[in-house]
There are 2 protein chains.
Amino acid sequence: METNPIKILIADDEPDIIEIISYHLLKAGFEVFTAKDGSEAIEKAQQHTPDCIILDIMMPKRNGFEVCEYLRSNKQFDKTLIVLLTALNDEASHIKGLELGGDDFVNKPISPKVLLSRITALFRRIQPNANDNKVIQVRDLTIDPSQYKTILNGVIHVLAKKEFELLFLLAAQPGRVFLRNEILSQVWGNDVIVGDRTIDVHVRKIRVKLGIECITTVKGVGYKFDY
Amino acid sequence: METNPIKILIADDEPDIIEIISYHLLKAGFEVFTAKDGSEAIEKAQQHTPDCIILDIMMPKRNGFEVCEYLRSNKQFDKTLIVLLTALNDEASHIKGLELGGDDFVNKPISPKVLLSRITALFRRIQPNANDNKVIQVRDLTIDPSQYKTILNGVIHVLAKKEFELLFLLAAQPGRVFLRNEILSQVWGNDVIVGDRTIDVHVRKIRVKLGIECITTVKGVGYKFDY
DNA sequence: GGCAAGGTTATCAAATTGTTAACTAAACTA
DNA sequence: TAGTTTAGTTAACAATTTGATAACCTTGCC
């Protein structure tokens with residue numbers, strides 16, 4: 001499955017802050033992007049779809065609240081963690097930031113180590129670990145991600161990597177429709193650009209190899225696992 | 001769907017703190033349990049399996065770190081949020097608390113409102129399927145946008161995209177009359193220009209497919225969902 | 001009857017997906 | 001390392017589904 005490094009965007013107008021936070025995040029193995037104002041933050045966010053965005057409240061062009069509000073109104077950033085930073089240590093901003101959809105709110109001066117711990121704690125909590133490496137069993141179909149294989153009626157079917165990942169994604173939530181975009185970002189990653197018919201071809205290969213109707217097309221919307 | 005109140009356990013040796021936090025949490029609709037030391041915290045936790053535990057670090061019998069460590073070693077509390085409180089404002093405790101598995105770390109003195117915001121933000125983030133909320137249920141008719149399907153009396157009816165979107169729009173507010181213009185802009189968008197009879201044709205298809213009288217015509221005005 | 005509003009149906013165009021084959025990249029093998 | 005196999009992607013075209021419209025029908029009302 002998608003094993004790209006976790007992407008974090010830092011938006012702050014103080015270069016020193018950016019530098020020191022970047023340093024610690026990079027050392028911890030994250031992929032880091034930066035922005036020096038609110039508009040750039042939105043641009044970079046749209047471009048990279050980071051997993052976490054660290055937003056200073058007081059920034060030029062658009063402040064952190066505005067950026068936060070924008071991000072939260074956009075489905076693309078549903079799963080993106082937002083950590084707000086501010087030098088203003090007042091209760092009202094704190095609450096406002098969280099109510100606008102922020103996931104954490106940290107007062108400056110910042111200890112980079114504490115910030116890192118907090119981000120790590122957030123990621124730990126939202127890890128859908130429960131499903132990782134979990135064998136999926138539906139009727140006589142077994143999908144085992146630890147071995148990258150599927151067993152149907154006792155017969156092992158070997159799927160290629162992408163095929164397997166696509167099937168696993170859909171089967172992890174039977175019945176739920178996955179939009180083509182979701183499938184692309186989950187299986188192929190956000191950076192990879194592949195053509196329109198790629199998903200279809202993989203779906204077809206799965207259908208042929210398994211020989212059962214397990215993936216249903218929802219025209220104009222996406223695909224779902226139904227079995 | 002989970003309709004039980006969310007359970008929160010507060011463990012602190014200062015009765016004043018317990019009282020003020022309890023007050024705010026109860027007002028916010030949570031079910032509250034309390035403990036005055038670490039041992040009692042563990043007992044109450046085992047007894048009620050709360051969704052969130054607020055732990056003071058400095059407590060008699062067992063301190064917050066110990067309790068946190070215990071909870072995290074126990075699968076029963078996998079999904080339990082842990083918020084640590086402390087009067088000690090030092091970086092090392094902060095990091096230690098998060099590394100032991102705490103989900104948040106808040107310094108005293110505490111603003112109950114801020115604490116409540118933070119807890120709410122945590123719960124919001126770990127909510128599994130935001131989509132589950134959007135399922136519409138009326139008598140024996142289910143309209144599930146995450147699965148793009150309708151179930152009537154146990155029978156699945158497959159609607160086309162526009163049909164489904166139209167039905168979902170109307171059914172989201174049963175009884176309310178939607179003007180033709182509203183329907184056009186919601187389902188077709190503001191840029192698309194379609195003819196007069198288009199809505200009628202789609203309404204008809206829904207009526208035929210579901211086989212029930214669920215969409216009522218309001219002559220000269222629009223349509224409404226009534227069932 | 002004449003009019004207005006909506007219902008019904010058939011038809012055609014447009015959008016979307018399915019299928020196949022060819023091409024490219026990566027992994028494997030000797 | 002060159003040759004070979006396998007996986008992944010793309011392009012082209014076929015098949016299918018969906019959506020929009022026109023034409024005509026029905027109903028209610030004056």
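Using a 4.0 Å heavy-atom criterion, one finds that B:Val203 contacts no nucleic acid atom at all. As judged by a 4.0 angstrom heavy-atom cut-off over every strand, B:Thr198 is placed among the base-contacting residues. Contact annotation for B:Phe164: no contact, since no heavy-atom pair falls under 4.0 Å across all strands.
Residues B:Phe178 and B:Tyr223 place their aromatic rings such that the two centres sit no closer than 6.0 Å.
The phosphate of D:dA20 has OP1 or OP2 within less than 4.0 Å of a side-chain N or O from B:Trp188.
With the nearest nucleotide of DNA chain D identified for both A:Asp196 and B:Ile199, A:Asp196 has the one nearer the 5' end. Comparing A:His202 and A:Arg197 by the nucleotide of DNA chain D whose heavy atom lies nearest to each, the residue mapping closer to the 5' end is A:His202. When each of B:Val208 and B:Lys161 is assigned the nucleotide of DNA chain C bearing its nearest heavy atom, the one mapping closer to the 5' terminus is B:Val208.
Comparing D:dG19, D:dT9, C:dG18 by their nearest atom to the side chain of A:Arg207 picks out C:dG18. Among C:dG18, D:dA20, D:dT9, the nucleotide with an atom closest to any side-chain atom of A:Lys162 is D:dT9. Side-chain atoms of A:Tyr223 lie closest to C:dG18 of the nucleotides D:dG19, C:dG18, C:dG7. Distances were taken from every side-chain heavy atom of A:Lys205 (C-beta onward) to each of C:dG18, D:dT9, C:dT16; the shortest belongs to D:dT9. Candidate nucleotides D:dT10, D:dA20, C:dG6 were compared by shortest atom distance to the side chain of B:Thr217, and C:dG6 ranks first.
Across the protein-nucleic acid pair, B:Leu159 atom CG and D:dT17 atom C1' stand 14 Å apart, rounded to whole Å. Per the geometry, CD belonging to B:Glu163 stands 15 Å off C1' belonging to C:dA15, to the nearest Å. Atom pair A:Asp200:CG and C:dT20:C1' shows a separation of 13 Å (rounding to whole Å applied). Note: CZ (B:Arg204) to P (D:dT26) measures 13 Å, nearest angstrom. Rounded to whole Å, the distance from NZ on A:Lys209 to P on C:dT19 is 16 Å. Between the C1' atom of C:dA5 and the CZ atom of B:Arg180 lies a distance of 8 Å, rounded to the nearest Å. In this structure, CG of B:Leu167 is placed 14 Å from P of D:dG19, rounded to the nearest angstrom. In this structure, A:Ile206 atom CD1 and C:dT19 atom P are separated by 13 Å, rounded to whole Å.
Between A:Lys108 and A:Thr86 the shortest side-chain heavy-atom distance does not fall below 4.5 Å.
A donor-acceptor contact under 3.5 Å is formed by the side chain of A:Lys219 with the base of C:dT16.
Among A:Ile18, A:Asp56, A:Asp37, the one residue that satisfies the side chain to side chain contact (heavy atoms under 4.5 Å, CB included) test with A:Asp13 is A:Asp56.
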| message | Evaluate A:Arg118 against A:Asp104 for salt bridge (Lys or Arg N to Asp or Glu O under 4.0 Å), listing each step before the verdict. | response | CA-CA 8 Å; A:Arg118 299 194 70 95; A:Asp104 199 356; 2.6 Å; yes

| request: Decide salt bridge (Lys or Arg N to Asp or Glu O under 4.0 Å) for B:Asp200 and B:Lys205; before the verdict, give the C-alpha distance in whole Å, the side-chain angles of both, and the deciding distance to 0.1 Å. | output: CA-CA 9 Å; B:Asp200 309 39; B:Lys205 287 179 177 169; over 6 Å; no

| task | Assess whether salt bridge (Lys or Arg N to Asp or Glu O under 4.0 Å) is satisfied between A:Asp144 and A:Lys149, documenting all intermediate values. | result | CA-CA 6 Å; A:Asp144 184 347; A:Lys149 72 180 180 189; 5.6 Å; no

